[in-house]
2 protein chains.
Amino acid sequence: MSTSSINQAGTDTENLSAPCCAPSATQNALNPEEAELLASRFKALSDPSRLRILSIVASNKNAETCVCDLPEPLGLKQPTVSHHLKILVDAGLLHREKRGVWAYYSIVPRALESLQSTLVFTP
Amino acid sequence: MSTSSINQAGTDTENLSAPCCAPSATQNALNPEEAELLASRFKALSDPSRLRILSIVASNKNAETCVCDLPEPLGLKQPTVSHHLKILVDAGLLHREKRGVWAYYSIVPRALESLQSTLVFTP
DNA sequence: GACAGATATCGACGTTTGTCAATCTCTGGT
DNA sequence: ACCAGAGATTGACAAACGTCGATATCTGTC
């Protein structure tokens, strides 16, 4: 109810007179706006390099990761890493803090959990 | 350990002598192969139309959804819907069953839950 | 205030993606 | 055997994406 979620078990399965199936409850489904928003968040996770960035940053428990440490393990050039970091920040998954010349990125608490909950089935 | 997961809280945060930060535990991070696999699954969820398809199919509790019911609510042509359905089946999210001339799609049990678990933080 | 270094932005390029019209394949009925 | 209709496949095309070299911006130091 609160946040949009893929699944909210419908209530119509009785009609068997239609040629192929009951017309299905489309009003319970995600509307285009909700779908667009959700998709944009999953899109941030749909690239291998970004997932690896997240896993590196997340493995630095309670700390941040300096941008300068990322290009080498990822095998990417600095502008590309910067590009991916921006996408992750825009998706609300990473937090950016600049201190001096260095930029530190950290996981936004509960951001992944929140995204996770949009995949929840009603058990 | 079992399935690859974004997060597995590292164990090094003591070194503060480096110019910007500790070199970060890259060996705990997702390797390229794991990242590629995970990304391909999230890619299936990164399109609004596919999310709406999933939500429509999922809202038909215990039943299946006929392909013929999808183009209209989605505002897409039949080949496009077929294309998205194939991607969702290939990602292991939907099950396809052909009966007569009609094709019925249903949610693969625990598929979304399994994907969900790859986003889990160690609490 | 000029300089060096870290990171962000820009522009370009090849690849991938979403969409559709046209076509193919298969199934059930006549 | 033929036909009609459902759905998958193909080919084309524009838009979006990932990557990088070049450049711009900002910060601390001399």
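Throughout, a chain's letter reflects where its sequence line sits, starting with A, and its residues are numbered from 1. Heavy atoms only: backbone and side chains are in, while hydrogens, waters and symmetry mates are out. As the structure is a computational prediction, the values presented were derived from the model and not from experiment.
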Salt bridge check, A/Arg96 against A/Glu64: does any charged N sit closer than 4.0 Å to a carboxylate O?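 Result for this pair is no, no salt bridge flagged.
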Please report the distance, rounded to the nearest Å, between [atom1] in [X] and [atom2] in [N].
{"X": "B/Lys86", "N": "C/dT17", "atom1": "NZ", "atom2": "C1'", "value": "15 Å"}
{"X": "A/Arg96", "N": "C/dA6", "atom1": "CZ", "atom2": "C1'", "value": "11 Å"}
{"X": "B/Leu70", "N": "D/dG7", "atom1": "CG", "atom2": "C1'", "value": "12 Å"}
{"X": "B/Leu88", "N": "D/dA8", "atom1": "CG", "atom2": "P", "value": "12 Å"}
{"X": "B/Leu94", "N": "D/dA8", "atom1": "CG", "atom2": "P", "value": "12 Å"}
{"X": "B/Glu36", "N": "C/dT16", "atom1": "CD", "atom2": "C1'", "value": "13 Å"}
{"X": "B/Leu85", "N": "C/dT19", "atom1": "CG", "atom2": "C1'", "value": "15 Å"}
{"X": "A/Glu64", "N": "C/dT7", "atom1": "CD", "atom2": "P", "value": "13 Å"}

Do A/Ser106 and A/Leu94 have side chains that get closer than 4.5 Å, going by heavy atoms?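 Not in contact.
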Is the shortest heavy-atom distance from the side chain of B/Leu76 to the side chain of B/Pro71 under 4.5 Å?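 Not touching, per the 4.5 Å side-chain cut-off.
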Between A/Arg99 and C/dA6, is there a contact of a side-chain N or O with OP1 or OP2 at under 4.0 Å?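 No, because none of the side-chain N or O atoms of A/Arg99 sits under 4.0 Å from OP1 or OP2 of C/dA6.
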Verify the contact: side-chain N or O of B/Tyr104 to OP1 or OP2 of D/dA6, cut-off strictly under 4.0 Å; return yes or no.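 For D/dA6, neither OP1 nor OP2 has a side-chain N or O of B/Tyr104 closer than 4.0 Å.
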Readout for nucleotides 15-20 of chain D: B = base within 4.0 Å of protein heavy atom, S = sugar-phosphate only, - = neither; 5' to 3' it is --SSBB
Output yes when a side-chain donor or acceptor of [X] lies under 3.5 Å from a complementary backbone atom of [Y], and no otherwise.
{"X": "B/Arg50", "Y": "B/Ala44", "result": "yes"}
{"X": "B/Arg41", "Y": "B/Gly92", "result": "no"}
{"X": "B/Ser55", "Y": "B/Arg52", "result": "yes"}

Side chain of B/Val101 only, please: which of C/dA8, C/dT9, C/dT27 is the nearest?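 Nearest nucleotide to the side chain: C/dT27.
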Measure the spacing between SG of A/Cys66 and CG of A/Asn60 and express it to the nearest 0.5 Å.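 Result: 10.5 Å between the selected atoms.
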